[in-house]
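A short write-up of the structure that comes next.
We count residues from 1, following the sequence as given.
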Amino acid sequence: MYSLRTVMVTIAKGLESRITLADGNSMPMFGLGMFNTSGIEAEKAVEYALSQGYRLIDTAELHGIEEEIGRGIEKSGVNRKDIFVVNKLCENGYDRCKQVLIESLRKMKLNYIDLYCIHNPANGNNVETYKAMIELQEHGIIKSLGVSNFGVHHLEAFKSAGLPTPVINQIELHPWQQKTEIVNYCRANGIVLMGYSPLCKGRKFNNKLLIDIAERYRRSVPQILIRWSVQHGFVTIPKSSDQKHIETNADVFDWFLNEGDIELMVRYSTSNKIY
C-alpha cells in the first residue's frame, strides 16, 4: 500500500497549480470531467468552470460532446493557450486515429489538443495507434501523448516496441480503486497519474465512514473524496454540470486530511471492496 509518508508527490495548492510532464509541457493538476454530460448542459458547464478559474477540461470521443465543449471554450472568453484540453480516442487504429483527431479538432474549433490519449487498451492495436499519435504530435496538432486505463503490461508493450513513454495514464482512482501496482509503476517511470471518477460515481455518498469524516472537517463527502485524490498528488477531474458543485468541488485546497483519516479510509476501503 502506498503512503504519503513514503512517496514524494506534487500536491496541487489551487486551481492554478500545474505539474511538468516528462515531455517538458505542463498541465493543470485540477480540472472538469465531462463524462455523462450532454448538450447545452456540457457547454454551460465548460463556460462556467472556466469563469471560475478551472483551466483543464477533460473529454473523450466517446462522450459525443466535442462541439459543445468547443462552444463552451469559445464563449468563456479565456485565451486558448491558457486552457488545457484532454481528449481520448474511442476505437483504436492507425488510420482511424488520424481521421478522428482531425474531425475532433473541427468539431471543437481548435488547432491542437493539449493531451491526446488512447482511451482503452482492450480495443487492441495500441502500438499502431500510438505511432499515429506520435506522427500527429510531430505535426504540432497534439502537444502531449497519453493513455487511459493502461496496466503495467500495456505500458511495457510500448517499451518493448521502442516507443516513447506516455506522459499521462488516466485511470479510475479513489479509496475503493487505489491500484497500487500501476500507481507505483507510473511514478517509477515518470508517468503522471490522472484520476477519473474521484467521486466514486456517487456510489459512496451515503457511506457512514465518509459522512463521519466529512462532519469532523465541516465539509461534504464529495469534498473529502476530492481532497483524498488531490492529497495523493493525482491530477483530479471531478465531474459536474451543476454550478454550485463546480464551485464546491474546487474548495479543497486550503485544508488537509490528516494522515490518520487517510489511513482509516485505506483500511476501510480494502476491507469493504463492494463498489
Using a 3.5 Å distance criterion without hydrogens, assess whether the side chain of [X] forms a donor-acceptor pair with backbone atoms of [Y].
X: Y185; Y: I191; answer: no
X: K179; Y: E172; answer: yes
X: H139; Y: L136; answer: no
X: R55; Y: L50; answer: yes
X: N123; Y: C90; answer: yes
X: N25; Y: L21; answer: no

Discussion item. Is a donor from one side chain sitting under 3.5 angstrom from an acceptor on the other, for Y217 and N258?
Written reply: yes

Discussion item. Between D212 and R216 (salt bridge meaning N to carboxylate O under 4.0 Å), is one present in this structure?
Written reply: no

Discussion item. I'd like to know if D23 pairs up with K143 as an ion pair, taking the criterion as any Lys NZ or Arg NE/NH1/NH2 lying under 4.0 Å from an Asp or Glu carboxylate oxygen.
Written reply: no

Worksheet item: Taking D114 as the fixed residue, which of R18, K81, R80 is the one that meets the salt bridge (charged side-chain N to carboxylate O under 4.0 Å, His left out) rule?
Response: R80

Worksheet item: Can you tell which of E47, E43, E68 makes a salt bridge (charged side-chain N to carboxylate O under 4.0 Å, His left out) with K75?
Response: E43

Item to complete: Check whether NZ of the Lys or CZ of the Arg K131 lies under 6.0 Å from the centre of the six-membered ring of Y94 and within 45 degrees of that ring's axis.
Response: no

Practice prompt. Might you work through the ring-ring contact (aromatic ring centres under 6.0 Å, His included) test for Y196 and F35, ending with a clear yes or no?
Written response: CA-CA 9 Å; Y196 69 79; F35 174 70; 8.3 Å; no

